[in-house]
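Below is one structure; the comments refer to it alone.
Every chain is numbered from 1, with letters handed out A, B, ... down the list of sequences. These values consider heavy atoms only, across backbone and side chains, with no hydrogens, waters or symmetry-generated copies.
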Protein chains: 2
Amino acid sequence: MSMSLSKELELEQPLQDIRHETLLNVVRTATMLSLRGEEFFRKYGLTEAQFNVLFALKYKKTKWTQSDLGKRLVVTRASITSILDKLEAKGFVIRNSVEGNRRIRHVELTPEGLKLVRKIEPIYRRNIHRVLSCFSDSECKQIIEYMEKIRGGLKNLKYSITQ
Amino acid sequence: MSMSLSKELELEQPLQDIRHETLLNVVRTATMLSLRGEEFFRKYGLTEAQFNVLFALKYKKTKWTQSDLGKRLVVTRASITSILDKLEAKGFVIRNSVEGNRRIRHVELTPEGLKLVRKIEPIYRRNIHRVLSCFSDSECKQIIEYMEKIRGGLKNLKYSITQ
DNA sequence: TTCCAATTGCTTGACATCTAACAATTTGTT
DNA sequence: AACAAATTGTTAGATGTCAAGCAATTGGAA
């Protein structure tokens, strides 16, 4: 039983609160993106989260700790531990201990890990471009800006009485 | 150990593929929204998914089957079954059998369910408006449009060679 | 009408994330 | 210097979703 993503129920639900509808749309879209992502990466024996780690490691400029990875990918440290356990078992990453700070580990791609990312990446990119084919670069930039603004807005909640 | 959402790691990662970055931003934002949502709804003994069901039921115009709910919320039928089991056990919804079609069940709010939504809704809305306080109505509409367009783009994958 | 395909809701099993608590370590304050 | 507070990575336990498969039912095509 697999989700029929193509059929989206047209609702007669009134657009009675545009802000609510906005957030719902963002979440709904991300859900669909993730479902498709999982489906895609499964072909390579990876979860989306695992690929995201590999991909992030490929393009990072500095050394990253597990904690850094978690912040980047919006995932708890506990999850990062679990994801890395799997990737390490498959030989795609290594955790290096760091002299000068015995708490942290720097995470790096192994040659095998790099090879895998290089194999998946072009296909992944092609798919992504297909999904966003009807967007111009400036529209993409605008979406990114909007998303950053929403995440910024989330911080408003932090300092408010939410009940 | 809870996610520190306020700190977002600034990356020196080059914006080397704006479309990839776009999708990443949508997913990342939705993740944060969901985390905050769960945190909020837990105060009322609900998960976000459970609230979404109650909320959708409040504003629907026609009778909905479980399958309809799943399509609306982008959740599999298996998950809807599980969510409804919990809501039904708490007395917030009922599944009515439908004469003329013995396969489907129509899902409805109970008075208690309605009462709960009514209690949570204003606080929820206030929070949402706080998050999106820096957006105008037309910006919200634009975001919705963008999200719909992305979901539309996902259909392009369906008919393409993804491997 | 008949029979095959699709739909609906459910169950099961796998899996990924989260929260909470922990030990080890580092940082900061007095 | 000493002690409290914060950070890091891990483990354990709970929970929620998904994929796959099932039985019952419905719908459509021959």
Side-chain angles (χ1 to χ4, degrees), chain A residues 1-7 9 27 30-32 34-43 45-53 63-71 73-89 93 95-107, chain B residues 1-7 9 27 30-32 34-39 41-43 45-53 63-71 73-88 93 95-107:
Chain A
M1 201 237 63
S2 123
M3 282 292 299
S4 68
L5 297 181
S6 53
K7 262 181 284 172
L9 193 63
V27 172
T31 303
M32 286 190 176
S34 283
L35 281 172
R36 281 306 177 86
E38 296 294 352
E39 194 180 319
F40 172 70
F41 293 116
R42 200 169 26 237
K43 294 183 209 157
L46 294 176
T47 64
E48 189 178 32
Q50 287 168 17
F51 177 77
N52 285 339
V53 166
K63 307 272 189 184
W64 280 8
T65 64
Q66 302 189 188
S67 207
D68 291 337
L69 263 174
K71 281 169 198 149
L73 302 178
V74 192
V75 156
T76 60
R77 284 175 292 137
S79 300
I80 289 291
T81 294
S82 153
I83 294 170
L84 288 181
D85 284 349
K86 269 143 207 156
L87 287 175
E88 201 171 31
V93 303
R95 296 186 244 212
N96 295 317
S97 38
V98 179
E99 59 177 322
N101 192 335
R102 276 178 296 177
R103 256 182 327 186
I104 63 180
R105 326 273 301 267
H106 281 159
V107 187
Chain B
M1 203 240 62
S2 126
M3 283 293 299
S4 67
L5 297 180
S6 53
K7 261 180 285 173
L9 192 62
V27 173
T31 304
M32 287 190 176
S34 283
L35 281 172
R36 281 307 178 85
E38 295 293 353
E39 193 180 317
F41 293 116
R42 201 169 26 238
K43 294 181 208 157
L46 294 177
T47 65
E48 189 179 31
Q50 286 168 18
F51 177 77
N52 285 339
V53 166
K63 307 273 188 182
W64 280 8
T65 64
Q66 301 189 189
S67 206
D68 291 338
L69 262 174
K71 281 169 198 150
L73 303 176
V74 191
V75 156
T76 60
R77 284 176 291 138
S79 300
I80 289 290
T81 294
S82 152
I83 294 170
L84 288 182
D85 284 349
K86 269 144 205 155
L87 287 175
E88 201 171 31
V93 303
R95 295 186 246 213
N96 295 316
S97 37
V98 178
E99 58 178 321
N101 191 335
R102 275 180 295 179
R103 257 183 327 188
I104 62 180
R105 326 272 301 265
H106 281 157
V107 186

Between [atom2] on [N] and [atom1] on [X], what's the gap in Å once rounded to a whole number?
X	N	atom1	atom2	result
B:Asp68	C:dG9	CG	C1'	13 Å
A:Leu73	C:dC18	CG	C1'	16 Å
B:Asp85	C:dT11	CG	C1'	11 Å
A:Arg77	C:dA23	CZ	P	15 Å
A:Glu88	D:dG9	CD	P	13 Å

Set of residues satisfying side-chain hydrogen bond (donor to acceptor under 3.5 Å, both in side chains) with respect to [X], sequence neighbours excluded:
X	value
B:Ser34	B:Glu48
B:Ser79	B:Thr76
B:Thr31	none

Which part of the nucleic acid, if any, lies within contact of A:Ser67, taking any heavy atom under 4.0 Å across all strands shown: a base, the sugar-phosphate backbone alone, or nothing?
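Here A:Ser67 touches the backbone only, sparing every base.
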
pair [X]-[Y]: side-chain heavy atoms closer than 4.5 Å:
X	Y	result
A:Lys43	A:Phe40	yes
A:Leu87	A:Leu46	yes
B:Thr65	B:Val107	no

Could you write out each protein N or O paired with an N or O of nucleotides 2-4 of chain D at a distance under 3.5 Å?
none

So, does A:Ser82 use its side chain to make a donor-acceptor pair with the main chain of A:Ala78 at under 3.5 Å?
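No; judged by distance alone, with no hydrogens or angles, the pair does not exist.
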
Which pairs, protein N/O on one side and nucleotides 24-27 of chain C N/O on the other, fall under 3.5 Å?
residue, atom, partner, partner atom, Å
C:dT25, O2, A:Arg103, NH1, 3.3
C:dT26, OP1, A:Arg102, N, 2.8

Not counting sequence neighbours, list each pair that qualifies as a salt bridge (charged side-chain N to carboxylate O under 4.0 Å, His left out) and has a residue in residues 95-107 of chain B.
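Counting only pairs at least two positions apart or across chains, the salt bridge (charged side-chain N to carboxylate O under 4.0 Å, His left out) contacts touching residues 95-107 of chain B are B:Asp85-B:Arg95, B:Glu88-B:Arg95.
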
Phosphate oxygens OP1/OP2 of D:dT7: is one of them under 4.0 Å from a side-chain N or O of A:Gln66?
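Result: no.
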
To 10°, what angle do the rotation axes through the five end pairs on each side of the helix from C:dT1-D:dA30 to C:dT30-D:dA1 form?
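The end axes of the helix from C:dT1-D:dA30 to C:dT30-D:dA1 are about 40° apart, to the nearest 10°.
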
Run the salt bridge (charged side-chain N to carboxylate O under 4.0 Å, His left out) test against B:Lys86 and tell me which residues pass, sequence neighbours left out.
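Partners of B:Lys86 by the salt bridge (charged side-chain N to carboxylate O under 4.0 Å, His left out) criterion come out as none, since no residue qualifies.
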
Under-3.5 Å N/O pairs linking protein and nucleotides 13-17 of chain C:
residue, atom, partner, partner atom, Å
C:dA16, OP2, A:Lys86, NZ, 3.3

Go nucleotide by nucleotide along DNA chain D from the 5' end; which of A:Arg42 and A:Thr65 gets its closest nucleotide reached first?
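Its nearest nucleotide being more 5', the pick is A:Thr65.
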
From the options C:dG9, D:dA19, D:dT8, select the nucleotide whose nearest atom is closest to the side chain of B:Ala78.
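Closest of the options to the side chain of B:Ala78: D:dA19.
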
